[in-house]
Amino acid sequence: MSIKLGICPIGWTNDDLPELGSENTFQQAISEMALAGFTGTEIGNKYPKEPAELKSYLEPRGLSIASAWFSAFVIADFEATKRDFIRHRDFLHAMGSKVIVVSEQTHSIQGQERSIYDEKPIFTEAEWEQLTRGLEELGELAQEKDMAIVYHHHMGTGVQTTEEIERLMENTDPAKVSLLFDSGHLVFSGEDPLYIFNKYADRIKHIHLKDIRQERMEDVRAQHKSFLTGVKEGVFTVPGDGMIDFKPIWEAIRSSGYAGWMMVEAEQDPAKANPFIYAKKARVYIKAVTGL
Ligand SMILES: O=C1C[C@@H](O)[C@H](O)[C@@H](O)C1=O
Ligand SMILES: [Co+2]
């Protein structure tokens with residue numbers, strides 16, 4: 001597999017903030033993704049739930065499902081997580097995906113009206129042990145279908161910072177737990193995305209590309225705003241439209257021999273940032289930087 005380019009539906013309709021883009025339809029979103037030059041997508045709440053039906057919309061547009069987010073509660077309720085994970089895995093397997101995006105949501109404040117920089121959770125020693133063992137088990141379940149879990153570090157969760165990502169990577173079996181690289185979350189958190197990419201290049205199996213509007217991010221920090229308020233006010237945008245220099249990041253990706261999806265994932269208010277226009281903008285920028 002070489003590098004494939006996709007775009008997530010979150011620019012059209014936002015599952016975390018359903019009021020954003022409620023006017024945008026599923027067919028509009030996937031048609032505009034294809035028209036903008038992408039060949040893959042992730043799952044949004046308006047997508048048909050049946051694999052055959054979903055394929056009947058995607059295939060004529062030359063799109064496939066790269067992956068989909070899974071909210072894990074390994075620490076809070078592992079048995080329920082396992083049951084839900086198997087259903088999610090089987091759906092993605094039927095869609096032909098090879099990776100499953102997993103993010104631990106126990107104690108997460110990403111969906112709450114709480115200060116994202118001041119109130120993020122910190123796992124206890126016992127919780128780390130539960131999380132790392134549980135993720136390995138989910139990894140084994142993924143392997144049953146020749147798939148892999150890719151862990152999504154995320155603002156407002158217990159795996160956000162460089163130290164937390166390192167702890168997760170060092171305490172899990174590389175054969176069972178891979179990593180998702182999300183440029184936007186790393187920069188929002190104050191991490192060095194190049195450091196993370198270079199250190200874990202051999203474990204990164206999925207990439208989310210988003211950019212940051214620096215002044216909006218600084219406002220979130222100064223005014224102690226929540227993650228979702230930051231999203232609504234435009235912290236994230238498409239690659240090339242913000243403060244991140246993607247050229248060295250692309251150079252690291254290319255020279256690592258990365259094979260897999262690079263997904264544009266830029267949640268912002270579609271009423272302020274027309275999703276089709278921003279998808280095209282991202283596609284033009286990616287072509288200019290990567291040649292792809
Ligand atoms: O991958 C992601 C999925 C979203 O639901 C999330 O909040 C977003 O920030 C993200 O990176
Ligand atoms: Co992401």
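Numbers here are sequence positions counted from 1. Small disclaimer: the values here were computed from a predicted structure and weren't measured. Both counts, for ligands and for their atoms, begin at 1 and track the order of listing.
- At a threshold of 4.0 Å, the pair Glu113-Lys232 does not count as salt-bridged, since none of the basic side-chain nitrogens sits closer than that to a carboxylate oxygen.
- Here the heavy atom of the protein found nearest to atom 4 (C) of ligand 1 is Asp16 OD2, 3.6 Å.
- Side-chain contact between Ile286 and Arg283: present, with at least one pair of heavy atoms (C-beta onward) separated by less than 4.5 Å.
- Within the model, atoms CG of Asp219 and CD of Glu215 stand 9.0 Å from one another, a figure rounded to the nearest 0.5 Å.
- Val101 belongs to a hydrophobic cluster whose other members, connected by ILVMFWY side-chain contacts under 4.5 Å either directly or through intermediates, are Trp69, Val99, Val150, Leu180.
- Shown in contact with Gln110 at under 4.0 Å from a heavy atom are these atoms of ligand 1, numbered in order with element: 7 (O).
- Not counting sequence neighbours, Glu191 has no partner by the salt bridge (charged side-chain N to carboxylate O under 4.0 Å, His left out) test.
- Set against the non-hydrogen atoms of Phe227, the atoms of ligand 1 under 4.0 Å away are 7 (O), 9 (O).
- Counting protein heavy atoms only, atom 6 (C) of ligand 1 is closest to His154 NE2, 3.1 Å.
- The shortest heavy-atom distance from Glu42 to ligand 1 is not under 4.0 Å.
- In this structure, His206 and His208 have perpendicular ring planes: the angle between them is above 60°, well past the 30° mark.
- Members clustered with Val284: none, using a 4.5 Å side-chain heavy-atom cutoff among hydrophobic residues.
- Looking at Val101 against ligand 1, nothing comes within 4.0 Å, counting heavy atoms.
- Atoms of ligand 1 lying under 4.0 Å from at least one heavy atom of Glu267, given by number and element, are 6 (C), 7 (O), 8 (C), 9 (O).
- Nearest non-hydrogen protein atom to atom 10 (C) of ligand 1 is Glu265 OE2, 3.1 Å.
- In Met155, neither the side chain nor the backbone holds a heavy atom less than 4.0 Å from any atom of ligand 1.
- Checking only distances, Trp69 never comes within under 3.5 Å of ligand 1, N or O to N or O.
- Inspection of the environment of the Co ion (ligand 2) yields the following protein N, O or S atoms under 2.8 Å: His152 NE2, Asp182 OD2, His208 ND1, Glu265 OE1.
- Counting heavy atoms of neighbouring residues, nucleotides and ligands inside a 6.0 Å radius, atom NZ of Lys205 does not exceed 12 of them.
- Counting heavy atoms from C-beta outward, Ser31 and Arg61 have side chains that approach closer than 4.5 Å.
- The cationic group of Lys82 does not satisfy the cation-pi geometry with Phe85, failing either the under 6.0 Å distance to the six-membered ring centre or the 45° limit from the ring axis.
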